[in-house]
Peer 1: 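Here it is, the structure, as structure tokens.
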Number of protein chains: 2
Amino acid sequence: MTSSPRATQPKYQRIAEDLKRDIDSGRYRPGDRLPGENDLMVTYGVARMTARQALGVLQTEGIAEARKGVGVFVREFRPIRRRGIQRLSGRNWGSGFSVWSTDIGPRDLTVDQLTVAEREVPEEIAAVLGLKTGESACVRSRRFVLDGKPVLLSESYLPAALVTGTRITDPDTGPGGTYARLAELGHKPVHFQEHIRSRMPAGDEAERLALAPGTPVFLVHRTAFAEDGQVVEFNAMVLDSSAYILEYDFDA
Amino acid sequence: MTSSPRATQPKYQRIAEDLKRDIDSGRYRPGDRLPGENDLMVTYGVARMTARQALGVLQTEGIAEARKGVGVFVREFRPIRRRGIQRLSGRNWGSGFSVWSTDIGPRDLTVDQLTVAEREVPEEIAAVLGLKTGESACVRSRRFVLDGKPVLLSESYLPAALVTGTRITDPDTGPGGTYARLAELGHKPVHFQEHIRSRMPAGDEAERLALAPGTPVFLVHRTAFAEDGQVVEFNAMVLDSSAYILEYDFDA
DNA sequence: GATTTCAGCATCTCTAGACAAGCTGAAATC
DNA sequence: GATTTCAGCTTGTCTAGAGATGCTGAAATC
């Protein structure tokens, strides 16, 4: 009873992997025709539906495309395959997430609230928030853990005047998350966001993400404005590049 | 022989649409259990594989998720369904694209080079590019057309000193596009990018995108830096919100 | 009461067929 | 030579089964 990783791998999966390997290796190049259903039936000795299922995997992942009556072809411009997240949909920052990837199916994302405190913030961040000297902001630090691996550290700054007495910084903010809470208070934020390719700086954050300093990461700086132009949040994030989050939605 | 839009719609598609409608209408809410294979077999009088195929559609689109041995459930946090592009992969900006969406399969994206000229640019853009007064930039205007509908206008500014005598601004820039050409010249750009939700301003651009002024659009401002900090490109884009491009890859 | 066992139900994989529908290129026709 | 027809290929849809595998909760056991 060895716990071999693929004790009984489904046939269709093995066939799909063979095809993918042949594509990666250059045996089949973009535009080339792949073995069709009939070919796979003969080569692997499987039924039509099993061969179809294998080819379906490649189509779902955007690697191949079938032309009815003609054959199955390697896509000319196919997505760069990532080990990371393909799609993340969360209207509910703070109370749990679900992550989905074409490559490997659903995944678990949890959010740990590390700290939350009200304090004076560095000058440059105060400037972004439009705070005068002496005014303080609510700083919330959170860590996002994907399938057991920490992938994102987030530090969120909200003007204290905006959040005192509200539940905005509760660990579980409820449906809609921070932005929904802000909306309840009359602020419907629009955000500006910068994605910056960088390398992991040494220090605390590297440890909490379990990343060696120098590892490629993304820095994401998000500034959220209310309709009247007031800055209601500044958020600095460090994100493991290999788990780059491609889509997030803050809309309610 | 009426050309009814769904003369003979496949059964699995009809079932999938029924389920989606019931989810949209709130009959099944996030976390709820959907009718399983056996239920659909009875309700619709179809074979197991057909029922599976219907449920597979919802899973591929990230709307539902199956738990083996338990059932099929509406995902707690499911992607906001868009009419537009789910994924765009192009390592080949300028020489043709192919676009793929989970919702509706492959789509055609073409890129028209509208104009390209060397000229002095507005002061604020010259500032971004680090140009002194009198220096000029190469301005390339392109339009991206998705399935016949214009969805994106792009205006790209490159320091003239960088591009004169190169093929960077050829309509067909070849494999890898602009960024690959820049890399050949010793610049490996890193880009900052802002996504700004806005509304279509009146004028030329509204016409070329065939969008009524006031329509929700995204403004994307991208600034590309070489490793030495030099700005090698500034790109201003106006993007039809309904065709929001979620992923683009400039990496080689 | 706490633990273990297990029947029942669900999805997952797979088979061996069948017919429909779209495409291609060669043969037949004009 | 130009056009049309059509056989033969392809993928698309669908059936009616089967066993494997994973989960759950209730019953049996400790």
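Residue numbers begin at 1 in each chain, while the letters A, B, ... track the order of the sequences. Note that the structure is a prediction, hence the values are computed from the model and not measured.
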Peer 1: Can you tell me the base-pairing partner of D:dG22? Count Watson-Crick or G-U wobble geometry only, both distances below 3.5 Å, and say none if there is no partner.
Peer 2: C:dC9
Peer 1: In terms of side-chain heavy atoms of B:Met49, which of C:dC14, D:dT10, C:dC12 is nearest?
Peer 2: C:dC14
Peer 1: Looking only at side-chain N and O atoms, does A:Thr50 come under 4.0 Å of OP1 or OP2 in C:dT15?
Peer 2: yes
Peer 1: Whole angstroms only, please: what is the CG-P distance between B:Leu40 and D:dC14?
Peer 2: 13 Å
Peer 1: Using every non-hydrogen atom in the two residues, find where B:Leu40 and B:Pro35 come nearest and quote the distance to one decimal.
Peer 2: CD2-CB, 3.9 Å
Peer 1: Where the side chain of A:Asn38 is defined as all heavy atoms beyond and including C-beta, which of C:dC14, D:dT11, C:dA16 is the nearest nucleotide?
Peer 2: D:dT11
Peer 1: Taking the six-membered ring of B:Phe73 (Phe, Tyr or Trp), confirm whether the NZ or CZ of B:Arg67 is under 6.0 Å from its centre and within 45° of its axis.
Peer 2: yes
Peer 1: NZ of B:Lys68 versus P of D:dT24: gap in Å, rounded?
Peer 2: 13 Å
Peer 1: Does B:Asp32 pair with B:Arg29 as a salt bridge, N-O distance under 4.0 Å?
Peer 2: no
Peer 1: If you compare every side-chain N and O of B:Arg48 against the phosphate oxygens of D:dT15 (OP1, OP2), does one of them come in below 4.0 Å?
Peer 2: no
Peer 1: Both A:Arg67 and A:Ala51 contact DNA chain C. Taking the nearest nucleotide for each, which residue is further toward the 5' end?
Peer 2: A:Ala51
Peer 1: Quick test of your reading of the model: are A:Arg21 and A:Asp24 salt-bridged, counting only N-O distances below 4.0 Å?
Peer 2: no
Peer 1: Have a look at B:Gly45 and say if it touches a base, only the backbone sugar-phosphate, or nothing, with a 4.0 Å heavy-atom cut-off.
Peer 2: sugar-phosphate
Peer 1: Under a 3.5 Å cut-off for both contacts, is D:dA27 paired Watson-Crick or G-U wobble with anything, and if yes, with which nucleotide?
Peer 2: C:dT4
